[in-house]
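Please read the structure below before turning to the comments.
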Amino acid sequence: MNAITHLDELFTLLAFPSISTDREYKVDLDHCAEWLTEKLNSIGLTAEKHPTPGHPVVIARNEHRTDRKTVLIYGHYDVQPVDPLELWNTPPFEPTVKDGVIYARGSTDNKGQHFAHICGVADTIKEDGDLPVNLIFLLEGEEEIGSPHLEAFLKEHADELKCDVIVVSDTGMVAPGVPTFTYGLRGIACLEFIIKGPAIDLHSGIYGGAVANPATIAAELVAGLHDENQHIAIEGFYDDVLPLESWEREQWAALPDGDAATLKETAVPGLLGEQGYTSLERRWGRPTAEVNGIGGGYQGEGSKTIIPSEAFAKLSFRLVPGQSPAKILQLAEAHLRKHCPESVTIEIHAGHAGNAYVMDAHSDFGKAAQSALQKTFDADPVLIREGGSIPIIDSFKQVLGVDTLMCGLALPDCQAHAPNENFPIANFEAGIRLNRLLLQELADLA
Ligand code: BES
Ligand code: ZN
């Protein structure tokens, strides 16, 4: 198959509005999974769409032989919501190419990246009649909502999914043309708290000064998550944190200036973060506490003089190796309850959570991936961790007992999760080359 056809098919895949958070799109996720299943069957694999209590999982495999390695390639066909829609230059589900770059929701995260693997496999089967390894594709539709059903699915299908190593292209490159091997990810733990005060919104003139304002309390609790040095103020939060190793700090310090890159990519007027660490260390190797949303009270035009009856905040903690999401949620809950005054009540709801992941970057599998990256880009790869989370990767280790090689091709300006998400055609083509080189490198390992 030629590159034009691969691109046409990628555009078909990108046109499915497979937004996993919103139940309105459930049927679109199903259609997307169905399309992938048909595609995988058409290239000579045996593919099946498996229902789950949420969105379907697609599994495809070639004929497995006992004399070769088994490689599982994971990807996700679900995407993030598209709002604010008015900031998109072209419609998110009508892929558009401008200056060699594909603009569409899911182009980088993650359809473009896993579809490059599918195209690589299709080409190899077409040209060689077979693959150098036993292959399993595992494509899920719930990554962006924390993969709530995938771990149970792994346990149920553990025999079928038995493999030597896993490959995931859902991470980034530090710069265009710089091959990047990611050996670690942060974990995550989410919670939401609701502060409840008066039974109904009160007239702030009549009662103001005599009762607590839930929005003020919510803001104080949020403000109290950090101290003046940007350390997280939750007691015990850092107890289990594994420190960065000196080789990592040295290698990351040798990368292009992370502070400058962070300033440029985010367009903030200045940086702020935990004292004693560089931007890259803060982003890849240190835990955080973030407010993802905060609200309560009047949001309309003009002023409305009330004491709102309630206010809320949605928090997420990015975690590093050593930290347990369940323990962090307990500590956070204890902290919030301790600092919440008795003049209001607090309700706390835990959300999704997942462990951080780190593998030995210098293992044989790691080196094979780095060699494939080197050949794909004709440049030496850099070794990094990433700050984002793919919680199922730790479950792969716990349930299937294998490591995951992260060879993502996202660029710093890919705008994942944001308007105008994009993926260069050059990176899509590099992904197709990488698939072939990587499967061969893995096949050649003793
Ligand atoms: N592709 C990302 C993960 C990622 C982001 C890796 C940045 C490396 C750098 C993935 O699709 C994602 O967005 N994950 C979520 C997981 C969460 C919903 C459990 C994340 O990190 O917020
Ligand atoms: Zn994502």
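Both counts, for ligands and for their atoms, begin at 1 and track the order of listing. Note that this is a predicted model, so its numbers are computed, not measured. Index from 1, following the sequence.
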Is there an N/O/S atom in E143 at a distance below 2.8 Å from the Zn ion (ligand 2)? no

Quick check, are the ring centers of F153 and H50 under 6.0 angstrom apart? yes

Looking only at protein heavy atoms, which one is nearest to atom 18 (C) of ligand 1, and how far off is it? E144 O, 3.5 Å

Mind running side chain to side chain donor-acceptor pair (under 3.5 Å) on S147 and E140 for me, showing each step along the way? CA-CA 8 Å; S147 304; E140 73 150 321; 2.6 Å; yes

Carboxylate-amine/guanidinium proximity below 4.0 Å for R186 and E386: no

Give me the residue, atom name and distance of the protein heavy atom closest to atom 10 (C) of ligand 1. E143 OE2, 3.1 Å

Could you check atom 22 (O) of ligand 1 against the protein and tell me its nearest heavy-atom contact, residue, atom and distance included? R318 NH2, 2.8 Å

Salt-bridge criterion met for E248 and R385 (N-O under 4.0 Å): yes

Has N110 got any heavy atom lying under 4.0 angstrom from an atom of ligand 1? no

Let me see the working for E144 and H417 under side chain to side chain contact (heavy atoms under 4.5 Å, CB included), right down to the final yes or no. CA-CA 10 Å; E144 299 291 6; H417 294 205; 3.2 Å; yes

Of E386, M406, H352, which has the heavy atom at the shortest distance from atom 17 (C) of ligand 1? H352

Less than 6.0 angstrom separating the ring centers of Y74 and F137, yes or no? no

Answer yes or no: does atom NZ of K162 have more than 12 heavy-atom neighbours from other residues, nucleotides or ligands under 6.0 Å? no

Nearest to atom 5 (C) of ligand 1, what protein heavy atom do you find, and at what distance? G388 CA, 3.8 Å

Looking at ligand 1, does Q80 have a heavy atom less than 4.0 Å from it? no

So, 2.8 Å as the limit: is an N/O/S atom of D109 located closer than that to the Zn ion (ligand 2)? yes

For I390, take its heavy atoms, then give the atoms of ligand 1 lying under 4.0 Å from any of them. 3 (C)

At less than 2.8 Å, would any N/O/S atom of H76, backbone or side chain, sit next to the Zn ion (ligand 2)? no

To which protein heavy atom is atom 3 (C) of ligand 1 closest, and what is the distance rounded to 0.1 Å? S389 O, 3.6 Å

What N/O/S atom of E144 gets nearest to the Zn ion (ligand 2)? OE2

Is H76 close enough to touch ligand 1? Criterion: a residue heavy atom under 4.0 Å from a ligand atom. yes

Is atom CD of Q398 surrounded by more than 12 heavy atoms (other residues, nucleotides or ligands) closer than 6.0 Å? yes

Candidate with minimal heavy-atom separation from atom 4 (C) of ligand 1, of L185, D170, T171, I393: D170

Reported CG-to-CH2 distance for the pair L383 and W252, which is rounded to 0.5 angstrom: 10.5 Å

Between A104 and L14, what is the shortest heavy-atom contact and its length? CB-CD1, 4.0 Å

